[in-house]
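Notes for the one structure printed next.
The model shown is predicted, which means the values in this text are computed figures rather than measured ones.
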Amino acid sequence: MNLFVYDYDGTLVECVGTYEQDKDLQKFKRDNTFFRNLFLKKLPLCNSCNNNYENGDVVVIMTAREERWWLPLVLWLKGIKYTLLIQRHKNQDMDSASLKKFLMWKLLQDNVGVSFFAKVFVDDLKSNRDSIESTFKEFIVLDANKANKGGNYET
């Protein structure tokens, strides 16, 4: 069994809002609505995510989005399959790279004793990939931008 950790925005679906360009978290919170999310286009990595799930691997969606009750419903409506969804806690303003590192520590701590053949982290932001790659040497870190464009799955 493998562990796949996917980012959401820019990895599995188009980005909502402009956070990845302007880093304005308050604006992102306003942009992140149920209706906007319903119409986000799925990206090619959704197929990989669903295939990993169907193969019996553990699939985690780890997003820096603030926790919303409706995100699991949006994922279900879009047909995105996963084992665990991890969202930013409300009123938490840590930068995305630090948050992802913290969430990964928590995920691994909660799964101590579980053996994974491979551990894979997929994200579109280089800062997030660098944060995971420098801290968790056992992870294969993949660039979602290249993967979604049909390129090779390199860091």
Practice problem: Count the heavy atoms of every other residue, nucleotide or ligand shown that sit under 6.0 Å from NZ of Lys41, and state whether that count exceeds 12. | Solution: no
Compare all side-chain heavy atoms of [X] with those of [Y] and state whether any distance is below 4.5 angstrom.
| X | Y | value |
| --- | --- | --- |
| Leu107 | Val5 | yes |
| Lys78 | Val13 | yes |
| Tyr8 | Leu71 | yes |
| Leu3 | Val120 | no |
| Leu125 | Asp7 | no |

Residues that [X] engages under side chain to side chain contact (heavy atoms under 4.5 Å, CB included), provided they are two or more places apart:
| X | result |
| --- | --- |
| Val112 | none |
| Asn2 | Phe4, Asp57, Phe117, Ala118 |
| Trp105 | Lys101, Thr135, Phe136 |
| Leu99 | Ala64, Arg88, Gln92, Met94, Leu103 |

Practice problem: Go through Ser48 and Asn51 one step at a time and tell me if the side chain to side chain donor-acceptor pair (under 3.5 Å) criterion holds. | Solution: CA-CA 5 Å; Ser48 296; Asn51 289 339; 5.5 Å; no
Backbone of [Y] reached by a side-chain donor or acceptor of [X] within 3.5 Å:
| X | Y | result |
| --- | --- | --- |
| Asn148 | Thr11 | yes |
| Lys100 | Met62 | yes |
| Asn111 | Val114 | no |
| Arg129 | Asp123 | yes |

Quiz item: Which residues satisfy the side chain to side chain donor-acceptor pair (under 3.5 Å) test with Tyr6, sequence neighbours excluded?
Solution: Asn52
Exercise. Check side chain to side chain donor-acceptor pair (under 3.5 Å) between Lys106 and all other residues, then give those that pass, not counting sequence neighbours.
Key: Asp110
How long is the span from the [atom1] atom in [X] to the [atom2] atom in [Y], to the nearest 0.5 Å?
| X | Y | atom1 | atom2 | result |
| --- | --- | --- | --- | --- |
| Leu40 | Asp9 | CG | CG | 7.0 Å |
| Lys146 | Asp124 | NZ | CG | 13.5 Å |
| Lys149 | Asp143 | NZ | CG | 8.5 Å |
| Leu38 | Leu73 | CG | CG | 7.5 Å |
| Arg68 | Thr63 | CZ | OG1 | 11.0 Å |

Practice problem: Could you note down all residue pairs passing ring-ring contact (aromatic ring centres under 6.0 Å, His included) where residues 30-81 supplies at least one of them, sequence neighbours left out? | Solution: Phe34-Trp70
Quiz prompt | Pair Asp95, Ser98: side-chain N/O donor-acceptor within cut-off below 3.5 Å | solution = yes
Quiz item: Hey, is Glu138 close enough to Lys119 for a salt bridge, meaning N to O under 4.0 Å?
Solution: yes
Self-check item: Step-by-step side chain to side chain contact (heavy atoms under 4.5 Å, CB included) determination, Met104 to Phe121
Solution: CA-CA 10 Å; Met104 188 65 78; Phe121 178 79; 3.6 Å; yes
Could you pull out all donor-acceptor pairs under 3.5 Å where a side-chain atom in residues 79-86 meets a protein atom, sequence neighbours excluded?
from: Lys81; atom 1: NZ; to: Glu54; atom 2: OE2; distance (Å): 2.7
from: Thr83; atom 1: OG1; to: Val59; atom 2: N; distance (Å): 3.0

Quiz item: How close do Ser127 and Ala97 get, heavy atom to heavy atom, and via which atoms?
Solution: O-CB, 3.6 Å
Quiz item: Which pair of non-hydrogen atoms, one from Glu67 and one from Lys90, has the smallest distance, and what is that distance?
Solution: O-NZ, 3.1 Å
Exercise. Can you sort out the partners of Lys126 under salt bridge (charged side-chain N to carboxylate O under 4.0 Å, His left out), two or more places apart, ordered by chain and number?
Key: Asp130
